[in-house]
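Quick caveat, the model's predicted, so the values are computed rather than measured. Both backbone and side-chain heavy atoms feed into the values below; hydrogens, waters and symmetry mates do not.
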Amino acid sequence: MKIKIKKILILISVSILITACQPISERLSETVKEEIIEEEEIELEPVNGGSITLPLTTFSTLNPLLTENQYYYEFTKLIYEGLFEFDSDLNVLELLASEYSISENGKVVDITLKDNIKWHDGIGFTAEDVIFTIDAIKNAGSNSIYGELLSRGIASYENPNIHNIINATGSGNRLRIVFDRGTSNNLEVLTFPIIPKHIFGTIQQALKKEDYKIIGTGPFKFESYTNTEGLKLTANDEYRDGRPYIDIVNGKVLKNQDEILRAFETGQVNIAQSIGIDWEKYGRNSRIKIVEYVSSEYEFLGFNFQREVFDGDGGKNLRKAIMYGVNRQSIIDRIYLGHATANDLPIHPDSWLNSTSSDTYGYDKKMAISKLEEAGYVEKDESGFYKKENGERLTLQLLTNTLSPVRNGIALSIKDDLASIGIEIIIVPGETKTESTTNEDVENQWNIIKNKTSRGEFDIVLSGWNLSTIPDISFMFHSGHIGGDFNFIRYSDSVIDELIVKSLYSGDSREIKKNAYEELSKELIDKLPYGSLFFRNKALLVDKKVHGDIAPNIYNPYRGIENMFLKNEK
């Protein structure tokens, strides 16, 4: 494999003339000239060798099934593999599986495993390892992140018994997974890491937190770990898809994200995730490459369906007026510095399930005013705000955590946008962040916001969810979640309920699932229980000494790292 890059040298000439006796307008003159003086095509041939360092934060166990540390969870994807993984469209690809078939409306998945897979100790990988791992996850229950994902992915609004939800049988390279119901997320939940039965023998040993033996099937294998030095991995020479180019991957344990970025800036780690939204500053450093991707952090406006103003057709038209009246792209450009992606649905913009009609509510003041008129708002007061039938001004409270500068900035932009179409917005609570604001103040305000939403004490709430890789939006809108922590907008619609169930339990084929989500998406876009704003973007910061493409996504920010290499340009 050869990678071709173009090297362009640019000459910048700057002339600044300052003469004390000249007028200010003449004392400073600046000319900038750009001239390409050399263009050269360089071929980089990947070679084996070298080491890179990735960041970790303090974690409590090396056990991949029990870890709660996000950095270690991501790091383990270099060591362990699942039956399937997520591609750039968040659809599933075979990883340890070679082929599969789905039957009984998604209840049964028959899998043939790849026949050239070995554990890092040279022992062959078999169906017994998968069965053992599933039993371990079931026994870990709520103590396992994968047990929680399995339960939510299969029966998100039912409180299922994890011991009954999935069973597996098989031997050699043939495997049958049987769920206790038909499900469309059958492949998505089979992305958990597989651990070796021959190493542990019993489930109790596999669920130990201490003295855990790390052996996987992935491109890198465990070499050593100490509290002071962190983790060391080496290239898996026998990896079925070819040995990784990089010899050694170190995992350096640091205190927090701020320390990770400082370590990246000083070259102690070679890849790091950005914090916040201002990562363009790294682009000015010739040592750093920025790889931006859409995160799972979703921002929305939630409408309180207990409020009469949002009831019936008039309420739906008011919600549509609000969404047409909010300039999302302006918010993205000004507050997020362009680092967010607008979407009309709580489905990841890159997802294969994202509707082609999910760009309905572009900024359109004329359409917003038209929808207000359809909602029955025709008269304005002396300040230019629409009036209700009883003569009161159309005023809505917008609840959000105003001690967050980003959320407060979004709220202020929404207030200004909606004022321009005749809707008065009052932002609550009123306080904003100052130099004296403490972390305790921020936490206390957030608890107040959560209490108000749970009690229904709001008109509109500006908030967000960190969505799972496994597609499921039932917790937001299904009437079964009213009264809990999730469907706090009190949304109840029998058609939406039915379509949600259909999207989760139409599992005979991937095409049926796609069609079910398309049908659900159309209803959500029309009925608008949430005003979807955007998904925040993230960035992976990569030391330019590391060549090759890396393709981060919300499932694995290090996706493709096994194809990267170190080489100086000649």
Side-chain angles (χ1 to χ4, degrees), residues 298-329 331 342-347 355 357-378 385-389 392-400 410-411 413-428 453 456-465 473 476-479 482 486-497 499-500 520-534:
Y298 163 72
E299 295 285 307
F300 64 88
L301 295 176
F303 306 104
N304 187 348
F305 282 83
Q306 288 186 327
R307 294 288 195 259
E308 184 179 352
V309 71
F310 292 125
D311 190 30
D313 289 339
K316 183 170 76 170
N317 282 320
L318 174 58
R319 298 193 299 274
K320 290 186 175 183
I322 289 171
M323 290 314 298
Y324 280 120
V326 173
N327 192 338
R328 289 182 292 175
Q329 193 57 51
I331 293 172
N343 204 51
D344 288 342
L345 291 167
I347 300 174
S355 171
S357 60
S358 64
D359 57 354
T360 300
Y361 296 105
Y363 181 53
D364 189 332
K365 288 180 67 174
K366 288 184 179 180
M367 181 64 77
I369 292 170
S370 174
K371 289 297 177 183
L372 281 172
E373 291 174 352
E374 289 183 45
Y377 301 101
V378 292
F385 292 106
Y386 281 101
K387 294 192 292 185
K388 301 177 185 178
E389 288 183 358
E392 294 179 357
R393 178 182 289 182
L394 177 55
T395 300
L396 300 169
Q397 287 193 343
L398 177 61
L399 176 67
T400 196
I410 296 170
S413 293
I414 290 171
K415 177 178 180 176
D416 290 343
D417 286 343
L418 297 185
S420 72
I421 62 168
I423 300 175
E424 182 180 48
I425 294 293
I426 298 175
I427 301 171
V428 291
T453 54
E457 297 174 358
F458 66 94
D459 294 329
I460 308 173
V461 60
L462 167 61
S463 191
W465 296 112
I473 56 178
M476 304 177 191
F477 306 128
H478 195 280
S479 59
I482 293 176
F486 301 120
N487 187 356
F488 49 72
I489 63 173
R490 276 78 174 169
Y491 186 69
S492 178
D493 184 291
S494 60
V495 174
I496 294 293
D497 280 356
L499 290 174
I500 284 173
L520 173 60
S521 297
K522 288 178 180 177
E523 285 290 316
L524 289 175
I525 288 171
D526 176 57
K527 293 179 176 177
L528 208 66
Y530 272 9
S532 294
L533 295 175
F534 38 74

Lys/Arg-Asp/Glu bridge criterion (N-O < 4.0 Å) met for Asp344, Arg328:
yes
So do Thr395 and Asp459 actually touch side chain to side chain, heavy atoms under 4.5 Å?
no
Check: Phe458 main-chain N/O paired with Asn304 side-chain donor or acceptor under 3.5 Å:
yes
Do the side chain of Asp417 and the main chain of Val326 share a donor and acceptor less than 3.5 angstrom apart?
no
How many angstroms lie between CG in Asn343 and OG in Ser355, if you round to the nearest 0.5 Å?
9.0 Å
Would you call Leu345 and Ile473 a side-chain contact if the rule is heavy atoms closer than 4.5 Å?
no
Criterion side chain to side chain contact (heavy atoms under 4.5 Å, CB included) against Tyr377, the qualifying member of Leu318, Asn317, Ile421
Leu318
Within this structure, what is the NZ-NZ distance for the pair Lys527 and Lys522, rounded to the nearest 0.5 Å?
14.0 Å
Note: Ser479 and Ser492 closest approach over all heavy atoms is CB-OG, 3.7 Å
In this structure, CD of Glu299 is separated from OG of Ser463 (nearest 0.5 Å) by 7.0 Å
Before we go on, tell me: are the rings of Tyr530 and Phe477 under 6.0 Å apart, centre to centre?
yes
Would you say the side-chain atoms of Tyr361 pair up with the backbone N or O of Ile525, donor to acceptor, closer than 3.5 Å?
yes
Nearest 0.5 Å, what's the CD1-CD1 distance between Ile423 and Ile369?
9.5 Å
Other residues, nucleotides and ligands only: do more than 12 of their heavy atoms fall within 6.0 Å of NZ on Lys387?
yes
Take Leu301 and Met323 through the test side-chain contact (heavy atoms from CB on, under 4.5 Å) and record every step on the way to the result.
CA-CA 9 Å; Leu301 295 176; Met323 290 314 298; 4.2 Å; yes
Is the shortest heavy-atom distance from the side chain of Ser521 to the side chain of Ile347 under 4.5 Å?
yes
For a side-chain contact (heavy atoms from CB on, under 4.5 Å) check, start with the C-alpha distance between Phe385 and Leu418, then their side-chain angles and the critical distance, and finish with the verdict.
CA-CA 10 Å; Phe385 292 106; Leu418 297 185; over 6 Å; no
Should Val309 and Leu394 count as side-chain neighbours, where that means a heavy-atom distance under 4.5 Å?
yes
Could you give the distance from CD1 (Ile427) to CG (Leu398), rounded to the nearest 0.5 Å?
6.0 Å
One pair to check against side-chain contact (heavy atoms from CB on, under 4.5 Å): Gln329 and Tyr363. What are the steps and the verdict?
CA-CA 8 Å; Gln329 193 57 51; Tyr363 181 53; over 6 Å; no
Under a 4.5 Å cut-off applied to non-hydrogen side-chain atoms, are Ile322 and Leu528 in contact?
no
For Leu372 against Ala321, the heavy-atom pair lying closest together:
CG-CB, 3.6 Å
Shortest non-hydrogen contact from Lys388 to Arg393?
CE-O, 3.9 Å
Is any side-chain heavy atom of Ile331 less than 4.5 Å from a side-chain heavy atom of Leu533?
no
Using modelled atom types only, decide if a donor and an acceptor are shared between the side chain of Arg490 and the backbone of Arg307 within a distance under 3.5 Å.
no
Beyond-backbone contact of Ile496 with Pro529, side-chain heavy atoms, under 4.5 angstrom:
no
Asn487 side chain to His478 backbone, donor-acceptor under 3.5 Å
yes
Taking Phe303 as the fixed residue, which of Phe310, Tyr491, Phe488 is the one that meets the ring-ring contact (aromatic ring centres under 6.0 Å, His included) rule?
Phe310
Stepwise salt bridge (charged side-chain N to carboxylate O under 4.0 Å, His left out) test for Asp526 and Lys316:
CA-CA 8 Å; Asp526 176 57; Lys316 183 170 76 170; 3.3 Å; yes
